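Heads up: the structure comes next, in structure tokens.
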Amino acid sequence: MKPVLILIPPNNFRDEELVETLKVLSKEKIPVVIASNGVIKAAGLKNTVIEVQADYEKIDISDFSTLILIGGEGTEIYFEDPIAHDLIKKAKIVAAICNAPRALA
């Protein structure tokens with residue numbers, strides 16, 4: 001089973017969106033890789049700190065079953081980002097939560 005790629009901003013992501021998404025995927029035993037833009041740890045709006053496992057610029061989206069883009073104020077960094085847009089365009093299935101759908105638009 002290919003893992004799910006979760007793309008989060010390095011700062012100001014919506015903590016509850018990430019935490020709840022991880023709970024559901026864990027319950028279903030779906031492997032997950034969390035990616036962001038070049039940081040080792042990312043911080044949410046409510047101070048959740050999560051270890052980032054991959055730099056999104058080095059991702060081959062074909063290695064993943066799905067891309068989930070977590071929202072929050074920090075997601076705005078991906079609005080004009082050609083690398084993030086390329087990942088989104090090439091992903092087989094994309095889920096976007098909260099502010100993240102604006103990045104997809």
Side-chain angles (χ1 to χ4, degrees):
M1 173 187 299
K2 288 184 176 182
V4 168
L5 177 65
I6 297 180
L7 180 60
I8 61 174
N11 296 296
N12 298 324
F13 63 81
R14 295 290 303 254
D15 305 57
E16 67 279 8
E17 291 174 15
L18 179 61
V19 170
E20 291 303 314
T21 300
L22 289 173
K23 281 182 190 176
V24 170
L25 295 171
S26 175
K27 182 178 176 186
E28 297 298 321
K29 296 182 175 40
I30 298 172
V32 171
V33 172
I34 298 173
S36 192
N37 64 341
V39 296
I40 297 170
K41 294 187 179 193
L45 288 164
K46 296 180 180 176
N47 299 319
T48 297
V49 176
I50 190 91
E51 224 171 283
V52 174
Q53 299 151 319
D55 183 339
Y56 81 111
E57 292 185 2
K58 299 173 183 170
I59 293 289
D60 179 352
I61 196 63
S62 66
D63 293 337
F64 300 91
S65 62
T66 304
L67 169 67
I68 299 174
L69 181 57
I70 299 294
E73 295 169 13
T75 307
E76 292 178 7
I77 67 165
Y78 297 127
F79 286 5
E80 303 292 326
D81 185 320
I83 296 169
H85 287 222
D86 191 51
L87 279 176
I88 292 164
K89 287 177 189 175
K90 291 179 179 175
K92 292 181 183 163
I93 300 172
V94 177
I97 305 170
C98 185
N99 202 21
R102 288 188 15 200
L104 296 180

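Note that the coordinates shown come from a computational prediction; the quantities given were computed from them, not determined experimentally.
Nearest heavy-atom pair, Lys2 versus Ser62, reported as atom, atom and distance to 0.1 Å: NZ-O, 2.6 Å. For the residue pair Ala42 and Pro9, the shortest heavy atom distance occurs at CB-O, 3.7 Å. Pairing each heavy atom of Ser36 with each of Pro10, the nearest pair is OG-N, 3.2 Å. The nearest pair of heavy atoms linking Val4 to Phe64 is C-CD2, 3.9 Å.
If you take CG on Asp81 and CD on Glu76, they are separated by 13.5 Å, rounding to the nearest 0.5 Å. Taking CD1 of Ile8 as the reference point, atom CD1 of Ile68 lies at 12.0 Å (rounded to 0.5 Å). Rounding to the nearest 0.5 angstrom, the gap separating the NZ atom in Lys89 from the CG atom in Leu67 is 13.5 Å. Distance check, rounded to the nearest 0.5 Å: CG of Leu87 to OH of Tyr56 gives 8.0 Å. To the nearest 0.5 Å, atoms CG (Asp55) and CD1 (Ile40) are separated by 11.0 Å.
Residues Ile59 and Leu7 fail the side-chain proximity criterion, which asks for heavy atoms closer than 4.5 Å. At least one side-chain heavy atom of Ile6 sits less than 4.5 Å from a side-chain heavy atom of Leu25. Met1 places none of its side-chain heavy atoms less than 4.5 Å from the side chain of Ser65. Contact check for Glu16 versus Lys46: side-chain heavy atoms found under the 4.5 Å cut-off. Side-chain contact between Ile30 and Thr66 is absent, with no heavy-atom pair separated by less than 4.5 Å. Side-chain contact check for Ile83 versus Asn37: every heavy-atom pair is 4.5 Å or farther apart.
Ile50 is not connected to Leu45 by any chain of hydrophobic side-chain contacts under 4.5 Å among Ile, Leu, Val, Met, Phe, Trp and Tyr, and they are in different clusters.
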Walk me through whether Ile34 and Leu22 qualify under side-chain contact (heavy atoms from CB on, under 4.5 Å). CA-CA 10 Å; Ile34 298 173; Leu22 289 173; 4.2 Å; yes
Apply side-chain contact (heavy atoms from CB on, under 4.5 Å) to Tyr78 and Ile88, showing your working. CA-CA 10 Å; Tyr78 297 127; Ile88 292 164; 6.0 Å; no
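Between the side chain of Glu17 and the backbone N or O of Ile70 there is no donor-acceptor pair closer than 3.5 Å.
Judged as a salt bridge (charged side-chain N to carboxylate O under 4.0 Å, His left out), and not counting sequence neighbours, Lys92 has no contacts.
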